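Notes for the one structure printed next.
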Amino acid sequence: MISPVRPPARRIAALFGAVALVLAATGCGGGTGDGSATGKVTSITALDYYTDASEHRQWGERLTTCGKSAGVKVEHTSVPGASLVPKVLQQASSRTLPDLLMVDNPDLQQIAQTGALTPLDQYGIDSSGFAEGILSAGTYKGKVYGLAPTVSTIALFYNKDMLAEAGVAVPRTWDELKAAAAKLTRPGRYGVAVSAPATPESTWQYLPFLWSNGGTEKQLDTPQAAQALQLWVDLVKSGSMSKSVLNWTQADLHDQFLAGKTAMMVNGPWRIHALNKDKNLHWGVAPIPVPRAGQTPVTPLGGEVWTVPQSDSKERQEKAAQVLACLNDSTNQLALAEQYLTVPSRTTVAAQYAEQVPSMAAFVKSVEGARARTSELGVRWPKAATGMYTAIQSALTGEQTPEEALKDAQRIATTS
């Protein structure tokens, strides 16, 4: 999934700075539970944000299985997504970090910067066979600190019956998207919907349009960025997309699509389970349309990476690394992908999965060229994300032109 809402950026930055100083002074963090630097380790701790009861239980079972293969019991704790990073910073300061830590991939750079994590190559963990973008999501300054068993991205969902009735083909380009959305729009129904609230969720949805048009988060006030935002503005102005997208989350998009109030939506595979429950809904999924025919969409990479924090006990670190390696083996990647409708991170496993689950083929294809949100800016990514969703709000409300809004976005992104 995408990043949870986090505490204010300045407070987080200050906390990260304080943690970095503490770790620099102490040399490492520390795990809790039994096992010392010399004693036999029989249990390790793991922390994630899978607080949903069924998801927490399912991950607990998988951690238990991988723990058995490593010869340890895994004590599994989950906290709400918005609380995870602050909790990790607090634990790093008090040297009580868990032995195994899951983080949303955009957070890895900031946490690794503090010195709280250990590079995985020191444990001999195999990171070959992962797509380049996936490895990038777990890398800081050339070292791999985290690996994601599975990942996700976004694509275009469409109502097959509505497209057939309107005589519309699945759009592949921006021009085709605008034409299709116009034909599909009628009283009580919009042609297409995106998620554009004043949150990182909006940035996440804008990125495929920005990147596929040659734009970059490193310089937001460019013609390529403005053209991508202008596409959304045109869809709203023409009436093909509701202005309410300014407040719609991806969950809201799902509800609109399910209710027949939008014929197409940009969303992720985590919606498929719910869509499949409606036997009267005939839907399909395709890659997000690109500016020009023949191009390949460039989408953002979602998913969580597992890491091994610093600890006074090398034995605990080794055990945690064994569990991490187990979570990322081919068998577990495939099982997790099937369970949660995500994409296996190893390319050979992903190809096998696409054959087994055709509805995931578009996501598997998009993941091949997907990018980590922090690949260009690293720890400076959150400011760019804020700049983008602020610009989207200004442009879609008509307060500013896309060019004006993105000039302000660039200022936000480069403010120290």
Side-chain angles (χ1 to χ4, degrees), residues 1-3 6 12-13 16 19-20 23 28-29 47-48 84-85 88-89 92 97-98 100-153 200 203-204 207 211 216-218 298-311 317 320-330 333 336 342-350 366-385:
M1 289 289 287
I2 69 170
S3 307
R6 302 184 187 90
I12 288 293
F16 271 112
V19 171
L23 291 173
C28 64
L47 178 67
D48 58 35
L84 183 68
V85 171
V88 168
L89 297 176
L97 283 164
L100 188 63
L101 171 66
M102 181 231 74
V103 297
D104 196 16
N105 77 73
D107 294 326
L108 180 130
Q109 297 269 331
Q110 293 175 304
I111 296 175
Q113 185 185 40
T114 69
L117 305 178
T118 60
L120 299 183
D121 60 356
Q122 73 183 48
Y123 308 110
I125 292 178
D126 178 21
S127 60
S128 63
F130 285 75
E132 182 180 347
I134 296 173
L135 270 187
S136 173
T139 300
Y140 174 70
K141 289 190 174 181
K143 290 283 189 179
V144 177
Y145 286 86
L147 288 177
T150 64
V151 293
S152 62
T153 190
T203 301
W204 161 261
L207 286 175
W211 286 342
T216 172
E217 59 272 35
K218 292 191 294 185
V298 183
T299 60
L301 197 67
E304 297 83 14
V305 296
W306 288 87
T307 67
V308 178
Q310 290 281 3
S311 169
Q317 289 178 324
Q322 289 174 35
V323 174
L324 185 152
C326 173
L327 292 175
N328 281 277
D329 69 24
S330 297
Q333 285 195 359
L336 285 164
T342 47
V343 178
S345 295
R346 295 184 188 271
T347 54
T348 55
V349 184
S366 294
V367 161
E368 291 176 5
R371 292 183 191 171
R373 283 159 280 175
T374 54
S375 61
E376 294 287 349
L377 296 179
V379 297
R380 294 184 292 123
W381 161 254
K383 288 185 179 179

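Please read these numbers as outputs of a predicted model, since none were measured by experiment.
- When all heavy atoms are compared, the tightest approach of A137 to L301 is CB-CD2, 4.1 Å.
- For the residue pair Y140 / T374, no side-chain donor-acceptor distance below 3.5 Å is found, with atom types taken as modelled.
- The line from OG1 of T114 to CD of Q310 is 9.0 Å long, rounded to the nearest 0.5 Å.
- The closest side-chain heavy-atom distance from L377 to K383 is not below 4.5 Å.
- The minimum heavy-atom distance linking A321 with I125 is given by the pair O-CD1, 3.7 Å.
- Between L135 atom CG and F130 atom CZ the span is 6.5 Å, to the nearest 0.5 Å.
- Looking at every heavy atom in both residues, P149 comes nearest to L336 through CB-CD1, 3.7 Å.
- Applying the 6.0 Å contact sphere to CD of E132 captures no more than 12 heavy atoms from other residues, nucleotides or ligands.
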Discussion item. Could you go through E304 and T342, starting from their C-alpha distance and side-chain angles, then the distance that decides it, and tell me whether this counts as side chain to side chain contact (heavy atoms under 4.5 Å, CB included)?
Written reply: CA-CA 11 Å; E304 297 83 14; T342 47; over 6 Å; no

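- For the pair Q317/T118, a side-chain contact is recorded, criterion being any heavy-atom separation below 4.5 Å from C-beta on.
- Taken to the nearest 0.5 Å, the CD atom of E217 stands 11.0 Å off from the CZ atom of R373.
- Side-chain N or O atoms of T150 include none that pairs as donor or acceptor with a backbone N or O of P344 at under 3.5 Å.
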Worksheet item: Checking side chain to side chain contact (heavy atoms under 4.5 Å, CB included) for the pair D104/V85: CA distance, chi angles, key distance, verdict?
Response: CA-CA 9 Å; D104 196 16; V85 171; over 6 Å; no

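- Side chains of V103 and D48 form no contact here, defined as non-hydrogen atoms less than 4.5 Å apart.
- No side-chain heavy atom of L207 sits under 4.5 Å from any side-chain heavy atom of T299.
- Nearest heavy-atom pair across P309 and L101 is CG-CB, 3.8 Å.
- Residue L89 holds its CG atom at 8.5 Å from CD of Q110, rounded to the nearest 0.5 Å.
- What you find for L100 and A320 is that their closest heavy atoms are CD1-O, 3.7 Å.
- Residues T307 and V305 form a side-chain contact, since some pair of their non-hydrogen atoms from C-beta on lies under 4.5 Å apart.
- The side-chain heavy atoms of V343 and S152, taken from C-beta on, include no pair separated by under 4.5 Å.
- At least one donor-acceptor pair under 3.5 Å links the side chain of Q333 to the backbone N or O of N328.
- The CD1 atom of I134 sits 10.0 Å away from atom CD of E368, with the distance rounded to the nearest 0.5 Å.
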Item to complete: In sequence, state the C-alpha distance, the side-chain angles, and the governing distance for K143 and D121, and then conclude on side chain to side chain contact (heavy atoms under 4.5 Å, CB included).
Response: CA-CA 8 Å; K143 290 283 189 179; D121 60 356; 3.0 Å; yes

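- At least one side-chain heavy atom of V144 sits less than 4.5 Å from a side-chain heavy atom of T139.
- Across all non-hydrogen atoms, the minimal contact from L117 to Y145 is O-CE2, 3.5 Å.
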Item to complete: I would like to know whether L147 and S345 meet side chain to side chain contact (heavy atoms under 4.5 Å, CB included); could you show each step before the answer?
Response: CA-CA 9 Å; L147 288 177; S345 295; over 6 Å; no

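- Residues W381 and Q109 have side chains not in contact (no heavy-atom distance under 4.5 Å, counting atoms from C-beta outward).
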